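Before any comments, here is the structure.
Predicted model, so just to flag it, every value in this text is computed and none were measured. Residue numbers start at 1 and run along the sequence shown. Any value given below was found using the heavy atoms of this structure, including those in side chains, with hydrogens, waters and symmetry copies removed.
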Amino acid sequence: MKALDRALNYLNTKPRSRAQVELYLRDRGFGDEEIDEAIEQLQEYRYIDDLSFARMHLELGFEKGRGMLRIRRELAEKGVDHDIVERAIAEMEDIPDEYEMALEIAENAAYSLLAGRELSELDYGEKQKLRRKIAGRLATRGYTGETAYSAAKKVIK
């Protein structure tokens with residue numbers, strides 16, 4: 001089965017979602033029947049498991065300091081069903097506190113943005129600019145606006 005071989009080679013480099021494998025095979029010219037057979041076998045042998053994939057992506061995202069919004073968006077872009085993502089989140093034993101993660105990232109960002117200057121040396125406008133930059137960095141990592149602003153505000157106080 002050529003579709004199965006291609007899918008296995010594709011999966012050999014890194015884990016992928018069911019939707020990613022389907023798209024890959026479709027882009028390589030395989031028909032629906034071949035794709036369905038390959039996907040069925042891959043799921044049977046647990047080469048494809050969207051729940052496990054979502055759990056792994058969540059853990060990796062948290063390790064990289066990503067917020068829940070970004071992790072959810074990335075999984076949606078990879079074709080993982082919303083219900084599977086929510087189930088993976090619910091089954092996680094240790095979900096890090098997002099505010100604490102954001103605060104740590106904000107502190108590191110402030111340190112690097114200050115580049116040796118002291119926070120007390122900044123005037124009000126410079127502090128506001130720094131707060132916006134830090135909140136922006138947090139937003140790009142997938143933290144909510146409220147979390148990003150709160151963490152940036154606490155660091156700049």
Side-chain angles (χ1 to χ4, degrees), residues 6-28 35 39 42-43 45-157:
R6 289 293 291 267
L8 285 169
N9 285 337
Y10 183 58
L11 288 166
N12 197 29
T13 57
K14 66 181 183 179
R16 315 243 187 207
S17 70
R18 174 190 173 120
Q20 287 176 304
V21 174
E22 285 179 12
L23 181 61
Y24 176 82
L25 292 174
R26 190 160 280 109
D27 287 348
R28 299 307 175 277
I35 292 171
I39 294 293
L42 291 167
Q43 286 180 317
Y45 293 113
R46 303 202 27 103
Y47 285 106
I48 298 176
D49 180 350
D50 279 357
L51 182 59
S52 295
F53 179 79
R55 284 187 200 121
M56 179 199 62
H57 196 80
L58 282 160
E59 289 172 10
L60 181 64
F62 291 138
E63 285 175 20
K64 290 184 173 186
R66 294 182 181 147
M68 193 63 82
L69 291 175
R70 181 169 173 180
I71 296 170
R72 280 187 167 122
R73 185 184 69 241
E74 289 171 347
L75 285 167
E77 288 170 357
K78 293 176 186 303
V80 179
D81 184 73
H82 174 76
D83 292 338
I84 291 173
V85 173
E86 293 307 311
R87 184 171 158 205
I89 292 168
E91 291 178 1
M92 283 193 74
E93 291 178 18
D94 188 26
I95 296 178
D97 181 86
E98 267 202 314
Y99 180 73
E100 292 300 319
M101 286 175 52
L103 192 55
E104 184 178 330
I105 293 165
E107 288 168 350
N108 291 335
Y111 179 77
S112 68
L113 290 168
L114 284 169
R117 294 177 64 192
E118 291 295 323
L119 190 57
S120 60
E121 296 174 21
L122 304 181
D123 64 27
Y124 179 78
E126 290 172 318
K127 286 181 181 178
Q128 293 302 313
K129 186 176 178 181
L130 181 61
R131 184 179 295 144
R132 284 191 303 274
K133 282 185 177 184
I134 293 169
R137 283 188 182 188
L138 291 169
T140 60
R141 285 178 171 249
Y143 292 94
T144 64
E146 181 182 343
T147 300
Y149 182 76
S150 295
K153 185 177 177 181
K154 183 169 183 172
V155 168
I156 299 307
K157 276 191 174 180

*Using atom types as modelled and distance alone, determine if a side-chain donor or acceptor of Gln20 lies under 3.5 Å from a backbone N or O of Ser17.*
yes
*Check the pair Lys129 / Lys133 against side chain to side chain contact (heavy atoms under 4.5 Å, CB included), numbers first and verdict last.*
CA-CA 6 Å; Lys129 186 176 178 181; Lys133 282 185 177 184; 4.0 Å; yes
*With no hydrogens and no angle check, is any side-chain donor or acceptor of Ser150 less than 3.5 Å from a backbone partner on Thr147?*
no
*Determine which pairs satisfy side-chain hydrogen bond (donor to acceptor under 3.5 Å, both in side chains) with at least one residue from residues 76-91, sequence neighbours left out, and list them in order.*
Arg55-Glu91, Arg72-Glu86, Arg87-Glu91
*Minimum heavy-atom separation for Ala54 to Ala88, with atom names?*
CB-CB, 3.8 Å
*Glu100 atom CD: more than 12 heavy-atom contacts under 6.0 Å*: yes
*If we only count heavy atoms from C-beta on, is the Asn12 to Leu8 side-chain gap below 4.5 Å?*
no
_Within a 6.0 Å radius of atom CZ on Phe62, are there more than 12 heavy atoms belonging to other residues, nucleotides or ligands?_
yes
*Going through the distances and angles, do Ser112 and Glu107 end up as a side chain to side chain contact (heavy atoms under 4.5 Å, CB included)?*
CA-CA 9 Å; Ser112 68; Glu107 288 168 350; over 6 Å; no
_Can you tell me if Glu104 has over 12 outside heavy atoms packed within less than 6.0 Å of its CD?_
no
*Hey, are the side chains of Leu103 and Lys154 touching, using non-hydrogen atoms and a 4.5 Å cut-off?*
yes
_Is it the case that the side chain of Asp50 and the backbone of Arg18 share a donor-acceptor pair, with hydrogens and angles ignored and the cut-off at 3.5 Å?_
yes
*Heavy-atom pair with the smallest gap, counting every atom of Ala135 and Ala152*: N-CB, 3.9 Å
*Using a cut-off of 6.0 Å, state whether more than 12 heavy atoms not belonging to Glu146 lie near its atom CD.*
no
_Ion pair Arg117/Glu126, N-O distance below 4.0 Å_ = yes
*Under the side chain to side chain contact (heavy atoms under 4.5 Å, CB included) criterion, do Tyr24 and Arg16 qualify, and how do the steps go?*
CA-CA 10 Å; Tyr24 176 82; Arg16 315 243 187 207; over 6 Å; no
*Arg141 and Gly65: which non-hydrogen atoms are nearest, and at how many Å?*
NH1-O, 3.4 Å
*Residues two or more places apart in sequence or in another chain: which of them pass side-chain hydrogen bond (donor to acceptor under 3.5 Å, both in side chains) with Ser52?*
Asp49
*What are the two closest non-hydrogen atoms of Leu119 and Leu114, and how far apart are they?*
N-CD1, 4.3 Å
*asked:* For the CZ atom of Arg28 and the CD1 atom of Ile35, what is their distance to the nearest 0.5 Å?
replied: 11.0 Å
_I need the Leu25 CG to Arg6 CZ distance, nearest 0.5 Å._
8.0 Å
*Step by step, would you call Phe53 with Ile48 a side chain to side chain contact (heavy atoms under 4.5 Å, CB included)?*
CA-CA 8 Å; Phe53 179 79; Ile48 298 176; over 6 Å; no
_I need the Asp97 CG to Met101 CE distance, nearest 0.5 Å._
9.0 Å
*Can you tell me how far CD1 of Ile156 sits from OH of Tyr149, rounded to the nearest 0.5 angstrom?*
10.5 Å
*Heavy-atom side-chain contact between Ile89 and Met68 under 4.5 Å*: yes
_Between CG on residue Leu138 and CD on residue Glu98, distance to nearest 0.5 Å_ = 10.5 Å
*Which heavy atom in Arg70 sits nearest to a heavy atom in Gly142, and how many Å separate them?*
CB-CA, 3.4 Å
_Distance check, rounded to the nearest 0.5 Å: Tyr143 atom OH versus Leu69 atom CG?_
10.5 Å
